[in-house]
Amino acid sequence: MLDFPRWKVWATWITIVVLCLCAVPSFLPGNLRDQLPGWAKPTVNLGLDLAGGSYILLEAQPEDVRTTRLEAMRDSVEQAMRTGPRIQIGDISTRDGRLTFMVRDASQVDAVRERLLPMTQGAGLTGQRDWNIEVVDSSRFVVTQTEAGLTQALDQAMVDATEVVRRRIDELGTREPTIIRQGSNRIVVQVPGLADPEQLKDLLGRTAVLEFKLVDFDADPAEIAAGRAPIGSEILPYPGNPGGVPVIAVTRSTIISGDQLSDARQEYDQQTGLPVVTIQFDAEGGRRFARVTQENAGRPFAIIVDDQVISAPNINEPILGGSAQISGGFTVESANELAIALRSGKLPVALTVIEESTISPELGADSIESGVIAGIVGTLAVLILMLFAYLRFGVYANLALVINVIMIIGVMAIFNATLTLPGIAGFVLTIGAAVDANVLINERIREEQRKGRTINTAIEFGYKEASRAIFDANITNVIAAAIMFIFGAGPVRGFAVVLTIGIVTSVFTAVTFTRLMVAGWLKTRPKELVI
């Protein structure tokens, strides 16, 4: 136990020095830390309760998912009936949450069913389909959503929405946000250090669904003003309509959607100098946009964001470059927010802010001060107790304790982890665990001396026997921390992370580091010594 080969001595010291150096940037002022090269400034980030910031709880409505799926199914049915030999059907109704339509030729009912069946699939492991297809009165189809299908669609929508929210926050340049699912239809967002929570709300609250549709110029203006749309068209708000009427009729069929975007940037119009959003389509979207503009030259088309028409320019000539420009009285900030929303992907479901709170940096500073005071008082009390109780061996234990704290910060900095108030509690608890290991070792050495063993033999047996108890106890703590991390959320997981790191470093410093120092001292020790 006390025999340290040269490679183990070097490995121990290199590990300690590297982790301590990694901890240094976390103690430097921000302006000085920013001057360091990127590889030389691993830091521990402060959580929401320490740095201040914004907390937002977002909620999605299952009814929105139901409506979106119904509209998508209607478009799919229309497309399926036009693919291959055309099947004539009547107008498709989505009234009462059901999709219904008539087949004009009753002999084609089986052919229609064959085309509809591939549009349905199994809903998870429930044994149900996500859509039910029924034939009523021999020629009328009724397509309805199953609850299993809706539940599966909502879960997938929330998974996608969580990822979109994460990408949008990353675009803001914030550090270490916490974005987690809560329940079946909620998302918790915590952004430490964000100075403008309203900007976050505006960015996360919008769905940013981009669509291009042709304007129905055959529609009667009087009918449009009365809110009645022609068959195959719909009426959407158009606040910037040059005609003065704040609504416009557009075709229900979408020319191109935001799914086919490859990029979106805030730029300035070369003629007016006003902020605009320039969008770039992917290869398929570019080809489709070029074909539609070729076929509809001279006809207006509407640029729609979140079911509101932003602008409705004329297609003066085919647009073949795979790009377009959105203008609509933007400010630089609003154009940039729209570009971020489009670039990071559209939300599959609208999210509503149902709860919000802001923690001021001053409150976070108070939390840090309280936590630091608690840590310092507890550490000093332990250091004094160990020094008086074990003298030289107490000095070793105290040195290991200080290095242990620095190593924890170094490990957290390497992983760019976030420190929260519960994390500070984990720090304090780790100090107790580290001291407990040293107490076990020192008391076991005393016990071996009382049995009449020599100092070398007592230390050898003391470390050997105490190490077993230390490993057993700390493995149990690691298991408990792992369970908290897996099943906990937010602050609970932060506590578990710090506790796990602290357990590993405390065992290393208490068993390996102190043993290394004791082994070096024993070479020059007095012949007779009682601990």
Side-chain angles (χ1 to χ4, degrees), residues 1 4 8-27 42-47 371-372 374-376 378-383 385-386 390 393-442 463 466-485 493-519:
M1 286 292 290
F4 272 85
K8 184 177 289 188
V9 174
W10 279 102
T12 301
W13 280 109
I14 288 174
T15 300
I16 292 172
V17 171
V18 169
L19 291 181
C20 289
L21 288 177
C22 289
V24 171
S26 298
F27 295 99
T43 56
V44 177
N45 300 302
L46 298 181
V372 169
I376 291 176
T379 302
L380 287 177
V382 169
L383 293 176
L385 176 63
M386 293 297 292
Y390 300 109
F393 279 62
V395 173
Y396 295 154
N398 290 343
L399 183 59
L401 185 62
V402 174
I403 291 178
N404 176 52
V405 172
I406 299 174
M407 287 178 64
I408 294 174
I409 298 175
V411 173
M412 293 182 67
I414 290 175
F415 291 101
N416 203 27
T418 299
L419 179 64
T420 61
L421 196 57
I424 293 179
F427 249 112
V428 177
L429 183 60
T430 299
I431 293 173
V435 171
D436 181 60
N438 283 283
V439 169
L440 285 174
I441 292 171
N442 293 333
Y463 270 99
S467 294
R468 296 175 181 174
I470 292 171
F471 286 128
D472 288 344
N474 284 286
I475 286 174
T476 304
N477 289 335
V478 169
I479 293 173
I483 293 174
M484 285 191 290
F485 184 84
R493 301 185 77 179
F495 174 82
V497 168
V498 175
L499 182 60
T500 302
I501 296 173
I503 289 172
V504 174
T505 58
S506 65
V507 171
F508 173 78
T509 54
V511 176
T512 303
F513 178 61
T514 59
R515 187 159 51 90
L516 177 63
M517 290 188 292
V518 170

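Computed from heavy atoms alone, side chains included, the values below leave out hydrogens, waters and symmetry copies. As the structure is a computational prediction, the values presented were derived from the model and not from experiment.
Here CE of Met517 is found 9.0 Å from OG1 of Thr509. Values are rounded to the nearest 0.5 Å. A distance of 8.5 Å separates CZ of Arg515 from OG1 of Thr12, quoted to the nearest 0.5 Å. Note: Asn398 CG to Leu383 CG = 4.5 Å, rounded to the nearest 0.5 Å. Atom NZ of residue Lys8 and atom CG of residue Leu516 lie 10.0 Å apart, to the nearest 0.5 angstrom. The distance from atom CD1 of Ile470 to atom CG of Asn438, rounded to the nearest 0.5 Å, is 7.5 Å. Interatomic distance, Leu19 CG to Ile409 CD1, rounded to the nearest 0.5 Å: 11.5 Å.
Taking each heavy atom of Ile441 and Ala510 in turn, the nearest pair found is CD1-O, 3.5 Å. Closest heavy-atom contact between Cys22 and Gly410: CB-O, 3.9 Å.
Not counting sequence neighbours, the partners of Val382 by the side chain to side chain contact (heavy atoms under 4.5 Å, CB included) test are Met386, Leu401, Val435. With sequence neighbours excluded, no residue forms a side chain to side chain donor-acceptor pair (under 3.5 Å) with Ser506. Taking Ile406 as the reference, Cys20, Ala23, Val402 meet the side chain to side chain contact (heavy atoms under 4.5 Å, CB included) condition, with sequence neighbours excluded. Applying the ring pair (Phe, Tyr, Trp, His ring centres under 6.0 Å) test to Phe508 and every residue at least two apart in sequence or in another chain returns nothing. Contacts of Asn404 classified as side chain to side chain donor-acceptor pair (under 3.5 Å), with partners at least two apart in sequence or in another chain: Thr505. Every residue two or more places apart in sequence or in another chain was checked for a ring pair (Phe, Tyr, Trp, His ring centres under 6.0 Å) with Trp10, and none qualifies. Scored by the side chain to side chain donor-acceptor pair (under 3.5 Å) test, Thr514 finds Tyr463 as partners (sequence neighbours excluded). Leu21 is linked by a side chain to side chain contact (heavy atoms under 4.5 Å, CB included) to Val17, counting only residues two or more places apart in sequence or in another chain. For Val478, the side chain to side chain contact (heavy atoms under 4.5 Å, CB included) criterion is met by Ile503, not counting sequence neighbours.
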Practice task
May I have the step-by-step check of side-chain contact (heavy atoms from CB on, under 4.5 Å) for Asn474 and Asn477, ending in yes or no?
Solution key: CA-CA 5 Å; Asn474 284 286; Asn477 289 335; 4.0 Å; yes
Exercise for the section: Could you give me the CA-CA distance, side-chain angles and deciding distance for Phe513 and Ile16, then say whether side-chain contact (heavy atoms from CB on, under 4.5 Å) is met? Expected result: CA-CA 9 Å; Phe513 178 61; Ile16 292 172; 3.3 Å; yes
